[in-house]
Amino acid sequence: MILSKGIPYDGPSFNRRHRLARLIWQLVWLLLFRPTPPPAHVWRCWLLRRFGAKIHPSCHVYSSAKIWAPWNLVMAENSCLGPDVNCYSMALIQLGKRAIISQGVYLCSGSHDYTQESFQLFAEPILIDSDVWICAQSFVAPGVRIGEGAVIGARSVVTRSQPPWFVCAGNPAKCLKPRDHPRSKSC
């Protein structure tokens, strides 16, 4: 999805209403979200929902997590945005059930098209399926889908979609080995 028309540096990429909504959110984040104590997940999720996020009540969002546009965030049951996560939600960022986004992860749904002289701004959704763990300080690029049960190793750079039930790591992230599906184990 292209976010600006023509030459991006000729003016703002977003309309005034969008920029005002982000400004109000930034003030709320600074004054009412960021200073809260660690166990105040219910309060932080409530604030995010007031700004259009679709967040299940059982989710955990840490106070140092930065969410660029809450209205583009969807979090299913028991999912988590850990400390210092940067959720650059220019497009939809969706977390499945029990998805864990560890400290310092950067979820980046927007970028610039370097193949064009104008460096056109674009955004593509990031979809993180259920039971995924994205380990500390990883980067997830626009348009990536991480399959159910995948584990993304620490400091990985994920530029392409990753398959379900695999351990993936590296720069760029590659599949290292399959994970056992918990329901496939016999007693």
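- Among all heavy-atom pairs drawn from Ala169 and Ser156, the shortest one is CA-OG, 3.1 Å.
- Although no hydrogens or angles enter the test, the distance criterion places no donor-acceptor pair under 3.5 Å between the side chain of Arg179 and the main chain of Val151.
- Partners of Glu148 according to the salt bridge (Lys or Arg N to Asp or Glu O under 4.0 Å) rule, which considers only residues two or more places apart in sequence or in another chain, are Arg183.
- Val144 and Leu92 fall into different hydrophobic clusters, where Ile, Leu, Val, Met, Phe, Trp and Tyr are joined by side-chain heavy atoms under 4.5 Å apart, directly or via other members.
- In the hydrophobic clustering of ILVMFWY residues, with side-chain heavy atoms under 4.5 Å counting as a link, Tyr62 and Tyr106 come out apart.
- A donor-acceptor distance shorter than 3.5 angstrom exists from the side chain of Gln162 to the backbone of Arg160, with no hydrogens or angles considered.
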Can you list, pair by pair, the side-chain donor-acceptor contacts under 3.5 Å of residues 93-103, counting residues two or more places apart and other chains?
residue, atom, partner, partner atom, Å
Arg98, NE, Asp131, OD1, 2.6
Arg98, NH2, Asp131, OD1, 3.3
Arg98, NH2, Asp131, OD2, 3.1
Ser102, OG, Trp133, NE1, 2.7
Ser102, OG, Ile134, O, 3.4

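- Put simply, the side chain of Asn72 gets close to the backbone of Ser89: a donor and an acceptor are under 3.5 Å apart.
- Under the 4.5 Å side-chain heavy-atom criterion for Ile, Leu, Val, Met, Phe, Trp and Tyr, Met75 and Trp68 are members of distinct hydrophobic clusters.
- To the nearest 0.5 Å, the span separating NE2 on His56 from CG on Asn78 amounts to 7.5 Å.
- Ring geometry for His60 versus His41: interplanar angle over 60°, hence perpendicular rather than tilted (30 to 60°).
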Quiz item: Please walk me through it: do Ile152 and Val105 pass side-chain contact (heavy atoms from CB on, under 4.5 Å)?
Solution: CA-CA 11 Å; Ile152 306 298; Val105 169; over 6 Å; no

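- Residues Ser161 and Gly143 come closest through the heavy atom pair OG-O, 4.0 Å.
- Atoms SG and CZ, from Cys59 and Arg44 in turn, are 12.5 Å apart once rounded to the nearest 0.5 Å.
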Validation: residues 20-30 side-chain donor-acceptor distances under 3.5 Å, sequence neighbours left out:
residue, atom, partner, partner atom, Å
Arg22, NH1, His18, ND1, 3.1
Trp25, NE1, Ile67, O, 2.7
Trp29, NE1, Ala65, O, 2.9

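- One finds the OG atom of Ser64 at 5.0 Å from the CZ atom of Arg34 (value rounded to the nearest 0.5 Å).
- Ile55 and Trp46 fall within the same hydrophobic cluster, where Ile, Leu, Val, Met, Phe, Trp and Tyr residues are linked whenever their side-chain heavy atoms come under 4.5 Å apart, directly or through other members.
- Hydrophobic clustering, with ILVMFWY side chains joined whenever heavy atoms are under 4.5 angstrom apart, keeps Met90 apart from Leu127.
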Self-check item: CA sep, side-chain torsions, deciding dist, call: Leu73, Leu81, side-chain contact (heavy atoms from CB on, under 4.5 Å)
Solution: CA-CA 11 Å; Leu73 179 62; Leu81 289 178; 4.1 Å; yes

